[in-house]
Amino acid sequence: MHLDHAHNAPTAVSADAARPDGTRRALRIGLGGPVGSGKTATVAALCRALRDRFSIAVVTNDIYTREDAAFLLRNAVLPPERIQAVETGACPHTAIRDDISANLEAVEDLEDSVGPLDLILVESGGDNLTATFSKGLVDAQVFVIDVAGGDDIPRKGGPGVTTADLLVINKTDLAPYVGSDLDRMARDAAGQRGELPVVFTSLTGADGVAPVADWVRARLADWAA
Amino acid sequence: MTTRAALLVLADGRFPAGGHAHSGGAEPAVKAGRIRDAQDLADFCLGRLHTTGLTSAALAAAAALGLDPLALDEAADARTPSPALRGVARKLGRQLMRAARATWPSPELAALAEARPRGAHQPVVLGLTARAAGLGPADAAHCVAYEAVSGPATAVVRLLSLDPFEATAVLARLAPALDQVAEQAAEAARHGIDALPAASAPLLDISAEAHSAWPVRLFAS
Amino acid sequence: MSVTATARIRAVADGRGATSLPVLESGGPLALRRTRSPDAAFARVTVVGAMSAPLGGDRLAVEARAEDGARVSVDSAAATVALPGAGPDAGPASYDVRLSVGEGAELHWLPEQLVSAYGSELDMTTRAELASTARLVLREEQVLGRQGESTGRLSTRLTVRRAGRPLLDQQTAYGPGAPGGWDGSAVLGGHRAVGQLLLVDPAFEGGVPAPRLLGPTAALTPLAGPAVLVTALAADARLLRAVLDEALKVLLKESKALRNA
C-alpha cells in the first residue's frame with residue numbers, strides 16, 4: 001500500500017528524509033564520474049548484488065537521452081518499471097546539481113509507481129571532474145573514476161574526487177596495460193580525501209563490485225537505523 | 001506593491017524548474033536545417049514568440065490575475081494539440097510547482113498541486129507563482145514571453161556552437177517585440193478565459209511530435 | 001458595395017433513418033444546394049458561388065446545425081478566394097462559420113480550400129459547439145496566394161467546444177501585417193498551403209489513435225479529448241489535399257472499427 005504523493009505535500013520540496021505519511025523514504029545514492037569510467041556497469045553490478053535483499057530502482061541521466069537506461073534494460077538488471085531516464089539538455093551536471101527538479105520528479109515517480117523502495121540509485125551522465133550531486137537530491141554520492149583515465153586523476157582532485165562519500169577507482173584489471181600505478185592512486189586519493197573511503201574495483205571478476213556493495217549495505221543499515 | 005527583484009528571481013534561467021533540458025523546438029529545427037545561424041534563430045524566436053509565446057503568456061497573465069487555474073489548464077489543453085507538447089507542459093509545470101512552493105509557498109499553489117498531481121500546464125503554474133511572489137499579470141506575461149525565446153537561444157548555442165554573444169544579441173533585439181507580446185497577453189487576460197489568444201505554430205506542433213520519437217536527442221523537447 | 005450575408009442550414013433526423021433539411025437558406029454570394037449524397041443516411045449540401053468572395057469589407061457567415069440524430073455533410077463546389085475590396089477603404093472581410101452538432105448527430109464540414117489572394121484581408125472564424133455524443137469531421141485548408149502570387153493577410157481562428165468545454169482552440173495569422181515570424185522556421189517554414197483535419201468521435205473515448213507523423217511536415221495528434229487533429233503543411237494545395245485525404249480515409253476506418261468493436 002502506497003498512499004503518499006510526495007509532490008502534494010507542503011514539505012516535499014527536496015530531499016526530505018520522510019515521506020509525507022511519516023515513513024522513511026528510500027535512501028538515494030548518486031553515482032557520478034567521467035565518461036566511460038564504468039558508472040553504468042557499476043550500477044548494473046550493484047543492482048545484481050543487492051536486488052534480492054532490497055527493493056531498488058534506478059534513475060539515469062543520459063547525455064543523449066536513454067542510452068544508459070537502455071543498457072540496464074537490455075541487461076535486465078531490474079524490471080523496466082524500476083528504471084527511469086531523465087533527459088538533461090546537453091548539461092548533465094545541471095540536472096544533478098543546479099536544477100534537480102527533473103531528477104526529484106523521477107525519484108518520486110518511482111516511489112509512487114513501484115515503491116516502497118529501500119534504495120534509489122541516481123546515475124549522472126558522464127561529465128567532468130567537477131560534477132557533484134546536490135544534497136537536495138541524494139543522501140550520499142559515489143564518484144567513479146578508472147585507472148585508464150590516467151593515474152594522476154586522484155592527485156588533481158576536484159570536487160568529485162575530494163568530497164564524494166565513496167571514491168571508486170575502477171578497471172584495476174587494466175592497470176598493467178595502461179601503465180597506471182595503483183599504489184600512487186591510493187596515496188594521492190588518501191591525501192585528497194582524508195578519512196573518506198576509497199575502493200578499487202574490477203567489474204570483470206566475479207563479484208568485482210563487492211567493495212561498493214558492502215559500502216552501500218552499510219549506508220542502508222545506517223539509513224534504516 | 002510588486003517587487004521587481006522577485007521578477008528577476010523568477011525569470012532567472014537558473015531558477016531550478018527544469019527549463020534547461022528543453023530547446024523549445026529548436027533541436028528539431030536545427031536538425032531539419034531550418035536554423036543554421038543567428039539570423040535563423042532570430043526568425044525562429046520571433047515566430048515562436050508571436051504564437052505559443054503569446055498564448056502561453058496570456059495563460060500566465062490570466063492565472064496571475066486570479067482566473068480559475070483549472071479552467072485555464074483546460075484552455076491550455078485545447079491550445080496544445082500536440083500530445084508531446086502537452087506532456088512537456090505538464091512535466092515542466094510540475095517541476096516549476098516544486099520550485100515555486102519552496103520559494104513562494106501559497107495556498108493557491110498547494111491547491112493546484114493537489115488538483116493536478118501530475119502537473120498543470122507550466123504557464124498556469126507560472127502565473128500562480130508570480131501571484132504568490134507578489135507579481136502582477138504583466139510580470140507573469142513578460143516572464144513567459146521571455147522563456148519562449150530564451151530557451152531556444154540557449155539551446156542553439158549548445159546545438160550549433162553558436163557564438164553566445166550573437167545569441168544574446170538576438171534576444172536583446174527581440175526586446176520591443178517581447179514587451180509588446182507581454183502587454184497584449186496581459187490585456188487579453190483582463191477580458192476572461194474565452195478571450196485569451198490561441199495563436200498556434202503548425203511547424204512547432206509537427207516537429208515536436210517528430211522530436212519526441214527520436215531515439216537519440218540532446219534535449220527533452 | 002460590400003455585402004453582409006448569412007447562409008443557414010438546419011438538418012433534422014426525419015425519424016426514418018434519413019435526414020431532412022427544413023432550413024436551407026442561401027445568403028449573398030453563398031448559395032446552398034441540396035446535392036446527391038453517396039451515403040443515403042446523410043443529407044448533403046454543397047455551397048456554390050463562393051469562388052469570388054469574400055471581397056474586402058464583406059461580412060459573410062454560414063450557420064449549420066445538425067439537430068439530435070441528424071447526419072449531414074457540407075462541401076463546396078470550388079475554392080473560396082479572398083479578394084481585395086473595391087477601393088482603398090474597403091477594410092478587411094470577415095467570414096464566420098458557426099457549426100452546432102446535437103446528441104448522436106454527425107456533421108461533415110468539408111469545404112474546398114480558402115485562398116488568400118494578394119492584397120486581400122480576411123478574418124475567418126470557425127466555431128463548433130458539439131454535444132457530448134456528437135460526431136464532427138472538419139477540414140480547413142488555407143492557401144497563401146494564387147498560383148505564383150504572394151499572399152494577402154489571412155487570420156483564422158478555429159474553436160471547438162464539446163459539452164460546453166473547450167476541446168480545440170487554434171489561431172493563425174499569415175501575410176503582410178501579420179505578427180513577425182509567420183513565414184519562418186517555427187510557424188510555416190516557407191510552406192504555402194496549411195491545413196487541419198479534425199475528427200471528433202465519442203468512440204475515441206475507448207481509445208484515441210496514437211500520435212504519428214504523416215510525412216516530414218504532417219502529424220496526426222490525439223487531442224485531450226475523444227478527438228484527433230491532423231496538421232499538415234505543404235508546398236501547394238494539391239499536395240496538402242493528398243495528405244489530408246489519406247488521413248481522413250485512415251481515420252474514418254479506425255473510428256468505424258472502434259464503433260463496431
Side-chain angles (χ1 to χ4, degrees), chain B residues 24-26 28-30 32-36 39-55 71 73-86 148-149 152 174 177 180-181 184 193-194 196-210 212-213, chain C residues 125 127 142 155-162 164-174 178-191 193-198 208-225 227-234 240 243:
Chain B
V30 165
R34 287 194 278 266
I35 302 179
R36 287 151 309 184
Q39 181 52 49
D40 293 345
L41 171 65
D43 207 37
F44 178 90
C45 286
L46 193 60
R48 188 165 198 261
L49 173 65
H50 284 299
T51 53
T52 57
L54 171 65
T55 304
D73 196 46
E74 199 173 55
D77 261 349
R79 285 161 173 74
T80 319
S82 154
L85 292 180
R86 287 198 299 277
V149 294
L174 284 170
Q180 182 259 316
V181 162
Q184 189 185 346
I193 290 183
D194 289 338
L196 295 179
S200 54
L203 259 186
L204 287 179
D205 289 340
I206 294 165
S207 58
E209 288 302 315
S212 74
Chain C
T125 63
R127 292 182 71 92
Q142 289 105 33
S155 74
T156 72
R157 184 156 192 168
L158 168 61
T159 307
V160 181
R161 298 174 69 86
R162 180 173 170 272
R165 316 302 312 172
L167 176 68
L168 177 66
D169 207 337
Q170 296 263 278
Q171 210 174 356
T172 65
Y174 306 132
W182 63 270
D183 199 21
S185 49
V187 187
L188 289 183
H191 294 87
V194 52
Q196 300 202 307
L197 174 73
L198 173 69
V208 72
R212 54 192 181 256
L213 290 178
L214 308 172
T217 54
L220 181 157
T221 52
L223 301 182
V228 174
L229 182 74
V230 175
T231 304
L233 294 168
L240 176 66
V243 173

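Numbers restart at 1 for each chain; the letters A, B, ... are given by sequence-line order, proteins then strands.
- Counting heavy-atom pairs closer than 4.5 Å to chain C, the top-ranked of the candidates B:Glu74, B:Glu209, B:Gln180 is B:Glu74.
- Heavy-atom minimum distance, B:Leu203 versus C:Ala186: CB-O, 3.4 Å.
- Only the side chain of C:Leu213 comes within contact range of chain B, with at least one heavy atom under 4.5 Å from a heavy atom of that chain.
- Of all heavy-atom pairs between B:Pro197 and C:Arg157, the closest is C-NH2, 4.1 Å.
- Between B:Asp77 and C:Arg165 there is no salt bridge, since none of the side-chain N atoms of the basic residue sits less than 4.0 Å from a carboxylate O of the acidic one.
- Neither the backbone nor the side chain of B:Leu54 comes within less than 4.5 Å of any heavy atom in chain C.
- If you measure heavy-atom distances from C:Ala218 to chain B, the contacts under 4.5 Å come from the backbone alone.
- Contact count versus chain B (heavy atoms, under 4.5 Å) is highest, among C:Ser185, C:Gly181, C:Gly184, for C:Ser185.
- Residue contact with chain C, scored on non-hydrogen atoms closer than 4.5 Å, involves the backbone and the side chain of B:Asp43 alike.
- Counting only heavy atoms from C-beta outward, the side chains of B:Asp194 and C:Arg161 approach each other to under 4.5 Å.
- No other option in C:Leu188, C:Val194, C:Leu229 has as many heavy-atom pairs under 4.5 Å with chain B as C:Leu188.
- Between B:Ser200 and C:Val187 the shortest heavy-atom distance is O-CG1, 4.4 Å.
- Between the OG1 atom of C:Thr221 and the CZ atom of B:Arg86 there is a distance of 7.0 Å, given to the nearest 0.5 Å.
- Top candidate by heavy-atom pairs under 4.5 Å with chain B, chosen from C:Gly189, C:Ala219, C:Pro222, C:Ala232, is C:Pro222.
- In terms of heavy-atom proximity, C:Gly180 sits nearest to B:His50 at O-CD2, 3.1 Å.
- Looking only at side-chain heavy atoms (C-beta outward), C:Leu233 and B:Ile206 come within less than 4.5 Å of each other.
- Within the 4.5 angstrom heavy-atom criterion, only backbone atoms of C:Leu167 (N, CA, C, O) approach chain B.
- Interface remark: of the candidates C:Ala227, C:Pro166, C:Ser155, C:Pro166 forms the most heavy-atom pairs closer than 4.5 Å to chain B.
- The shortest non-hydrogen separation linking B:Ala198 to C:Gln171 is N-OE1, 2.6 Å.
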